[in-house]
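One structure is given here, and the rest of the page talks about it.
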2 protein chains.
Amino acid sequence: MKTSKKHYHHGDLNQSLLNAASLILRNEGVEGLSMRKLADQVGVSRTAPYHHFKDKNALLCSLAEAGFKQQQADLQALADNSGATREAFTQYVYRYLAYAQNHSEIYDLMFGRTIWKAGEPTAELQNSAKSTFKTWVYWIGLWQESGVLTQNNTSLRIGQTTWASLHGLARLMIDGVYPDQTGQSEMVEQMIRNLCSHQ
Amino acid sequence: MKTSKKHYHHGDLNQSLLNAASLILRNEGVEGLSMRKLADQVGVSRTAPYHHFKDKNALLCSLAEAGFKQQQADLQALADNSGATREAFTQYVYRYLAYAQNHSEIYDLMFGRTIWKAGEPTAELQNSAKSTFKTWVYWIGLWQESGVLTQNNTSLRIGQTTWASLHGLARLMIDGVYPDQTGQSEMVEQMIRNLCSHQ
DNA sequence: CGAACAATGTTGACACCGTCAAGATAAGCA
DNA sequence: TGCTTATCTTGACGGTGTCAACATTGTTCG
């Protein structure tokens with residue numbers, strides 16, 4: 001019943017849709033992701049997906065949500081293996097940017113206008129985002145305590161600004177504004193030097 | 001011949017299209033800007049705009065280009081009236097962010113994926129962007145000389161990172177990821193503190 | 001002046017898109 | 001068994017960008 005192709009019911013359409021959508025996203029970007037093509041890819045009629053996702057926006061939110069969870073797990077693993085040292089922060093930054101580059105389309109969904117401005121973020125998505133940010137602020141606090149980051153403001157504020165800086169870097173690389181890879185790691189190094197406290 | 005409505009030829013369609021597009025952009029965002037609606041608004045047939053812009057992408061590039069020029073003039077005026085002081089830098093940052101907020105849709109066109117990744121930036125647009133960035137780097141150099149910004153790297157590198165930070169802040173505000181205005185100016189203040197050299 | 005030509009406008013058509021409404025099919029349960 | 005509900009289907013509507021073919025106008029030159 002699961003792998004059969006002649007069944008009227010698909011079996012696990014919800015997940016299949018997410019998988020196929022992920023693939024299209026990676027290969028063709030959001031612009032190449034349409035509900036019709038998606039349905040076709042999965043081998044189902046145009047409107048079948050609407051029984052699993054309210055609309056396209058809901059599908060995208062689901063993808064972004066998965067992105068948040070993966071990113072959070074990704075980074076959590078790193079933090080567990082090291083203290084609040086400057087080296088850990090550096091690695092954190094590199095991981096963050098690597099994630100943004102390796103999953104640029106999902107990253108765009110997570111933080112871009114498609115969902116947050118043009119569309120409407122699902123409640124679940126908002127929760128995921130908020131949770132991720134809280135974890136981030138928590139670690140910022142630790143880095144402040146250990147003197148890696150400046151203590152001239154609350155961890156919330158420092159969390160906001162450092163994240164904004166990281167995000168800006170990620171966006172410029174992702175959106176094709178900095179097309180050349182040249183000097184990219186130098187930029188990151190300089191950015192880290194800027195973010196860390198100068199004693 | 002100019003203001004008449006019964007003429008077969010419009011008279012100044014090119015500019016009229018840009019004006020109308022600007023208006024739609026401001027009121028409804030890029031999502032609400034379609035070539036057909038645009039043509040309708042100007043009172044011309046669907047495909048008339050294609051005699052003035054190769055395609056929608058070209059139109060958007062033109063809008064973004066105008067944005068660059070306006071921004072550059074905007075900021076140039078500021079710089080002319082003040083030296084390379086920290087106060088000038090602060091004002092610069094505020095102006096930059098204000099521009100991003102007050103012209104969020106154009107800002108998005110100038111630096112967003114719509115043109116730079118999904119579409120193809122016109123040669124003219126690329127020139128405008130490059131020119132603006134060069135001016136930016138030039139001023140960064142002056143601020144470095146006067147000790148406002150750090151001298152631990154080239155003006156190009158510092159220009160890239162400070163701009164990335166600013167850009168990140170702008171994006172988060174624009175894209176609706178930071179919906180509340182609360183503490184926004186505090187964020188900016190902290191960001192400036194971070195960017196300026198700590199003597 | 002008039003004819004040729006280029007610029008600018010028009011309608012028609014095509015292939016997409018998101019999504020709603022109504023009906024078909026299957027699964028779960030009484 | 002039959003009823004309900006979840007799932008999937010086809011059909012349809014209004015929207016999109018843009019190409020091809022044709023109409024009109026302004027320009028230029030013999």
Side-chain angles (χ1 to χ4, degrees), chain A residues 1-21 24-25 27-63 109 113-115 117-120 122, chain B residues 1-21 24-25 27-64 109 113-115 117-122:
Chain A
M1 175 198 295
K2 224 33 169 319
T3 49
S4 166
K5 285 177 176 225
K6 302 302 292 173
H7 272 81
Y8 188 84
H9 285 69
H10 180 280
D12 194 11
L13 223 185
N14 196 301
Q15 191 56 46
S16 295
L17 286 172
L18 289 176
N19 292 341
I24 296 181
L25 212 57
N27 294 334
E28 311 176 46
V30 214
E31 295 80 15
L33 174 59
S34 79
M35 294 297 270
R36 297 171 101 109
K37 180 157 42 171
L38 180 58
D40 200 54
Q41 202 114 104
V42 177
V44 94
S45 80
R46 290 150 275 149
T47 58
Y50 286 87
H51 291 269
H52 299 267
F53 298 95
K54 181 180 158 290
D55 51 20
K56 190 180 185 181
N57 176 72
L59 209 197
L60 297 180
C61 283
S62 205
L63 289 169
L109 243 39
R113 74 174 284 150
T114 309
I115 286 178
K117 189 166 189 182
E120 276 203 72
T122 310
Chain B
M1 175 198 291
K2 222 39 170 314
T3 49
S4 166
K5 284 175 174 222
K6 303 303 292 172
H7 271 79
Y8 188 84
H9 285 70
H10 180 279
D12 193 11
L13 223 186
N14 197 301
Q15 192 55 48
S16 295
L17 286 171
L18 289 176
N19 292 341
I24 296 181
L25 211 58
N27 294 334
E28 311 176 46
V30 213
E31 295 81 14
L33 175 58
S34 79
M35 294 297 270
R36 297 172 100 107
K37 179 158 39 171
L38 180 57
D40 200 53
Q41 201 113 108
V42 178
V44 93
S45 78
R46 288 150 276 150
T47 58
Y50 286 87
H51 289 271
H52 299 267
F53 298 96
K54 182 180 157 289
D55 51 19
K56 190 179 183 179
N57 177 70
L59 209 196
L60 297 180
C61 283
S62 206
L63 289 168
L109 243 39
R113 73 174 285 150
T114 309
I115 286 178
K117 189 164 190 182
E120 277 202 72
T122 310

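Per chain, numbering begins at 1; letters A, B, ... match sequence-line order. Computed from heavy atoms alone, side chains included, the values below leave out hydrogens, waters and symmetry copies.
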Exercise. Tell me which of A:N57 and B:T47 sits closer to the 5' end of DNA chain C, going by the nucleotide each one is nearest to.
Key: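 With A:N57 and B:T47 compared, the 5'-side residue is B:T47.
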
Exercise. Among D:dT9, C:dT11, C:dG18, find the nucleotide with the atom closest to the side chain of B:S45.
Key: C:dT11

Provide, to the nearest angstrom, the distance between the [atom1] atom belonging to [X] and the [atom2] atom belonging to [N].
X     : N      : atom1 : atom2 : value
B:E28 : D:dG15 : CD    : C1'   : 14 Å
A:K54 : C:dG18 : NZ    : P     : 14 Å
B:D12 : C:dA7  : CG    : C1'   : 15 Å
B:D55 : D:dC19 : CG    : P     : 8 Å
B:L13 : D:dT24 : CG    : P     : 18 Å
B:H51 : C:dT8  : NE2   : C1'   : 6 Å
B:K56 : D:dG15 : NZ    : C1'   : 12 Å
B:F53 : C:dA7  : CZ    : P     : 17 Å

Quiz item: Going by the salt bridge (Lys or Arg N to Asp or Glu O under 4.0 Å) test, which pairs reach into residues 29-39 of chain B, not counting sequence neighbours?
Solution: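 Listed by first then second residue: A:R113-B:E31, B:E28-B:K37.
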
Practice problem: Check whether any side-chain heavy atom of A:T114 sits under 4.5 Å from a side-chain heavy atom of A:N57, and report yes or no. | Solution: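 The answer is no, as the side chains (C-beta and beyond) never meet within the 4.5 Å cut-off.
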
Practice problem: Would you check if A:L17 and A:L59 make a side-chain contact, meaning some heavy-atom pair closer than 4.5 Å? | Solution: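 Not in contact.
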
Quiz item: Can you find a donor-acceptor pair, distance only, under 3.5 Å between B:R46 side chain and C:dG9 base?
Solution: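 For B:R46, whose side chain was compared with the base of C:dG9, there is no donor-acceptor pair (under 3.5 Å).
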
Self-check item: salt bridge (Lys or Arg N to Asp or Glu O under 4.0 Å) involving A:K56 - partner list, sequence neighbours excluded
Solution: none

Self-check item: Under 4.0 angstrom between B:H52 side-chain N/O and C:dG9 OP1 or OP2
Solution: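 Yes, such a contact exists.
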
Using a 3.5 Å cut-off and no angle test, enumerate the donor-acceptor pairs between side-chain atoms of residues 39-50 of chain B and protein atoms at least two apart in sequence or in another chain.
none

Quiz item: By side chain to side chain donor-acceptor pair (under 3.5 Å), which residues pair with B:N14, not counting sequence neighbours?
Solution: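 Side chain to side chain donor-acceptor pair (under 3.5 Å) check on B:N14 returns nothing, list empty.
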
Exercise. Find the distance between CG (B:D55) and CE (B:M35) and round it off to the nearest 0.5 Å.
Key: 7.0 Å

Quiz item: Among residues 30-44 of chain A, which residues get a heavy atom nearer than 4.0 Å to DNA chain D?
Solution: A:R36, A:V44

